[in-house]
Protein chains: 2
Amino acid sequence: MASTLEEVARLAGVSRSTVSRVINNHPNVRPEVRKRVWEVIQRVGYQPHAAARSLVTNRTQVLGLVIPRGLVTLFSDPFFPILIRGVADVCTARRYHLMLSFFSDPLQQEELYRRALRSRLLDGVILSGAPLDDPLVPWLLQDNTPFVIAGRYPDERVTYVDVDNIGGARMAVEHLLRLGHRRIATITGPLTMMAGQDRLEGYRQALLSRGIPLNDALIVEGDFTEEGARVAMQRLLPQRPTAVFVASDTMAVGAMKAIREAGLHIPDDIAVVGFDDLPIASVVEPPLTTVRQPIERMGAMATEMLIGLVEGTITGPQHIILPTQLIVRASCGSL
Amino acid sequence: MASTLEEVARLAGVSRSTVSRVINNHPNVRPEVRKRVWEVIQRVGYQPHAAARSLVTNRTQVLGLVIPRGLVTLFSDPFFPILIRGVADVCTARRYHLMLSFFSDPLQQEELYRRALRSRLLDGVILSGAPLDDPLVPWLLQDNTPFVIAGRYPDERVTYVDVDNIGGARMAVEHLLRLGHRRIATITGPLTMMAGQDRLEGYRQALLSRGIPLNDALIVEGDFTEEGARVAMQRLLPQRPTAVFVASDTMAVGAMKAIREAGLHIPDDIAVVGFDDLPIASVVEPPLTTVRQPIERMGAMATEMLIGLVEGTITGPQHIILPTQLIVRASCGSL
DNA sequence: TTGTAAGCGTTATCAT
DNA sequence: ATGATAACGCTTACAA
């Protein structure tokens with residue numbers, strides 16, 4: 001069956017401690033002994049027992065990625081898959097394992113918190129897509145659990161890495177302004193999320209910097225789903241906007257549907273700009289002008305930072321904002 | 001700090017064993033004592049230490065989901081996200097944790113196998129998208145690790161759950177035949193994968209049952225990517241097929257691009273049928289006729305079966321095939 | 001450089 | 001019904 005340190009030690013004619021030293025690359029082992037021990041390890045296929053090890057080291061080499069289940073419903077939106085890939089790649093490279101946790105209701109969340117974190121199953125967690133009032137954050141702070149948020153968070157004590165949502169949104173709207181639009185609507189993300197708020201803030205800044213007053217009738221809150229955005233756009237149409245900034249590509253697709261269903265043309269009647277630069281942006285007709293954000297990189301950096309926190313190579317809370325970039329295609333009519 | 005059994009025992013004025021019995025709902029604890037112990041547990045926020053527990057129980061309550069990294073590149077294809085959701089939901093419901101593992105090269109795979117499985121970090125694994133000659137399968141069999149494949153596998157000893165790829169493909173092609181097509185091409189999935197082979201087999205069966213000889217020039221192997229399918233379709237065009245069965249929706253989108261780029265019309269010049277019924281199928285122009293497969297359900301069932309295997313409530317190897325369904329839209333020209 | 005032995009926090013066996 | 005006590009497999013002082 002599964003061999004233990006003890007067995008390897010016996011076979012190599014040394015003590016458990018020596019085998020442990022070899023496994024953990026400690027110095028102070030005679031090269032000759034080290035070699036002999038490694039041979040036995042290979043021969044019997046010895047692998048340290050993870051639980052036994054972490055019982056004494058207090059480390060599991062497992063990181064958690066926590067995502068609200070509701071958002072995952074939007075798995076037609078590859079935001080999370082891409083984020084996960086960034087996270088997973090760093091985990092693999094740094095020899096950590098990745099545990100995925102979705103939760104729907106607060107009850108499930110608390111249960112998850114107990115089972116995964118209080119039970120010391122995880123060395124740390126990455127949070128993404130959490131609403132601003134997510135109870136997880138105070139819990140984590142109080143328990144002193146290493147954690148990083150993929151997304152801005154208005155508390156200096158939390159380490160986060162986000163993309164420049166404000167700047168990106170601002171660029172998008174400024175582009176529409178340059179094209180002569182003055183009646184620019186927006187479909188926001190959920191305003192319970194920082195990303196939703198920030199993209200709206202960028203919209204605001206762009207308009208105000210041109211001295212254009214905000215018009216509440218041109219601002220409708222969306223929910224990051226295509227269908228939600230379709231409905232939102234339908235509500236916007238009577239206001240006769242000449243352009244609309246939509247806070248995600250997936251929602252932009254929904255908005256475009258609503259516009260076409262109303263018999264209007266994109267971009268001639270209404271220009272559309274999205275946010276994300278997901279693959280669909282270049283596939284849709286007309287191709288979507290959008291703001292590119294480095295999702296995978298955000299996941300990767302969040303993971304690097306979390307590992308730094310866990311291993312103690314990063315000390316205080318850090319705040320990183322990654323740049324975004326405007327990708328101009330046909331849907332805004334500048335081509 | 002984190003409290004232990006010992007501390008709870010002291011505070012409740014009982015022994016460790018009693019607290020352990022309470023935690024694990026063993027009988028033979030006086031209701032009064034049980035109540036007193038629970039109170040202390042709540043008060044100090046005690047949570048059993050996962051590693052300590054699994055060191056003695058030989059159970060971690062963690063399941064692994066293993067996916068080749070290469071396929072994940074296609075994260076614009078929501079197949080895996082949807083599968084993951086099915087898996088994750090059952091995990092949550094059954095109080096298991098889910099560990100996600102991607103690997104690219106065989107070396108990484110072996111390293112992963114050692115770190116995650118031989119180290120007893122996982123109670124079992126779900127495999128998906130693995131090629132037929134994946135070395136993981138023999139390893140798992142030999143080590144007697146509980147595992148389930150989401151996908152058919154030609155070895156009676158392995159438990160799997162798959163969708164009816166053969167039947168679905170056959171339905172799709174039979175539909176094209178009914179519409180009068182005789183020169184039907186196909187872009188297959190990678191033939192290293194069972195799903196690729198099975199969908200090709202369905203194509204074969206449909207044609208042969210009508211007495212139409214197979215024509216190798218009409219069969220091109222794809223790789224489940226949009227771009228790969230675009231190229232494949234370009235190679236197919238000179239053969240003048242009147243219809244093409246494409247083994248995935250994502251590939252179908254690529255094929256449609258190639259067809260349009262050649263100045264041809266869908267479905268009038270070439271009818272297209274896909275496979276998956278992903279969200280994009282109904283969004284694309286014209287809407288894609290395709291074969292719907294219950295991806296999420298497959299993930300969920302695979303997980304249920306794995307848990308059954310782990311907990312010993314399922315004995316022998318099981319083989320389940322879930323039904324598929326033809327969804328007729330405009331791209332095949334029958335509307 | 002190597003070995004001995006004490007824990008890590010549980011569960012489980014066996015008395016009581 | 002409850003309590004000692006021995007594992008589980010490892011790391012890590014401390015000794016030698």
Side-chain angles (χ1 to χ4, degrees), chain A residues 1-38 40-41 44-62 114-123 311, chain B residues 1-38 40-41 44-62 114-123 311:
Chain A
M1 268 277 73
S3 42
T4 68
L5 262 195
E6 184 70 49
E7 186 191 343
V8 174
R10 192 167 45 72
L11 261 42
V14 296
S15 75
R16 282 208 305 263
S17 340
T18 300
V19 182
S20 177
R21 287 186 190 102
V22 171
I23 286 279
N24 296 295
N25 275 317
H26 282 201
N28 294 350
V29 176
R30 282 212 328 271
E32 173 208 327
V33 176
R34 187 182 294 276
K35 181 159 170 284
R36 181 152 42 95
V37 171
W38 265 120
V40 177
I41 290 176
V44 303
Y46 169 73
Q47 183 71 24
H49 191 293
R53 178 178 268 180
S54 64
L55 180 56
V56 44
T57 59
N58 272 315
R59 283 285 184 72
T60 59
Q61 300 290 110
V62 181
R114 307 180 83 79
R115 265 187 30 235
L117 283 161
R118 307 285 323 272
S119 77
R120 312 208 154 287
L121 198 63
L122 304 180
D123 285 343
E311 299 184 346
Chain B
M1 267 274 75
S3 42
T4 68
L5 263 195
E6 185 69 46
E7 186 191 345
V8 174
R10 193 168 43 73
L11 261 42
V14 295
S15 73
R16 283 206 305 263
S17 328
T18 301
V19 181
S20 177
R21 285 186 191 103
V22 171
I23 285 281
N24 296 293
N25 274 317
H26 283 202
N28 294 350
V29 177
R30 282 210 331 270
E32 172 209 327
V33 175
R34 187 182 295 274
K35 182 159 168 286
R36 179 153 42 95
V37 170
W38 264 120
V40 177
I41 291 176
V44 302
Y46 168 75
Q47 183 70 25
H49 191 295
R53 179 178 265 180
S54 65
L55 179 57
V56 44
T57 59
N58 272 314
R59 283 286 183 74
T60 60
Q61 300 290 111
V62 181
R114 307 179 84 77
R115 266 188 29 238
L117 283 161
R118 307 285 323 272
S119 77
R120 312 207 155 287
L121 198 63
L122 304 180
D123 285 343
E311 300 185 345

Response to the item:
Counted 5' to 3', the first and last nucleotides of DNA chain D within 4.0 Å (strictly under) of a heavy-atom of chain A are dG9(D) to dA13(D)
Practice prompt. Ignoring hydrogens and angles, tell me if any N or O in the side chain of R120(B) forms a donor-acceptor pair with the backbone of A2(A) under 3.5 Å.
Written response: no
Item to complete: Keeping the roles fixed (side chain from T60(A), backbone from L121(A)), state whether a donor-acceptor pair exists under 3.5 Å.
Response: yes
Worksheet entry | Which atom of S54(B) lies closest to which atom of A51(A), heavy atoms considered |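 Residues S54(B) and A51(A), closest heavy atoms: OG-CB, 3.3 Å.
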Fill in: Residue pair V29(A) / R34(A): nearest heavy atoms and the distance that separates them
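Minimum heavy-atom separation between V29(A) and R34(A): CB-NH2, 3.6 Å.
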Item to complete: Determine whether R21(A) and N28(A) make a side-chain contact, defined as any pair of heavy atoms from C-beta on separated by less than 4.5 Å.
Response: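 Counting from C-beta outward, R21(A) and N28(A) never come under 4.5 Å.
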Worksheet item: Taking side chain as C-beta onward, heavy atoms only, is V44(A) less than 4.5 Å from V8(A)?
Response: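 The answer is yes; the side chains approach within 4.5 Å.
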Practice prompt. Using five pairs at either end of the helix from dT1(C)-dA16(D) to dT16(C)-dA1(D), determine the angle between the two local helix axes and round it to 10 degrees.
Written response: 40°
Worksheet item: Considering residues at least two apart in sequence or located in another chain, which fulfil the side chain to side chain donor-acceptor pair (under 3.5 Å) criterion with S20(A)?
Response: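 If we apply the side chain to side chain donor-acceptor pair (under 3.5 Å) test to S20(A), skipping adjacent residues, the hits are N24(A).
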Response to the item:
Protein-proximity profile, nucleotides 5-14 of chain C, B/S/- by nucleotide at the 4.0 Å heavy-atom cutoff, equals BB-BBBBBB-
Fill in: side-chain contact (heavy atoms from CB on, under 4.5 Å) against R10(B), all qualifying residues, sequence neighbours excluded
E7(B)
Fill in: Set of residues satisfying side-chain contact (heavy atoms from CB on, under 4.5 Å) with respect to R36(B), sequence neighbours excluded
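Counting only residues at least two positions away or on another chain, R36(B) forms a side-chain contact (heavy atoms from CB on, under 4.5 Å) with V14(B), E32(B), V33(B).
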Worksheet item: Passes side-chain contact (heavy atoms from CB on, under 4.5 Å), V40(A) versus Y46(A)? Steps please.
Response: CA-CA 8 Å; V40(A) 177; Y46(A) 169 73; over 6 Å; no
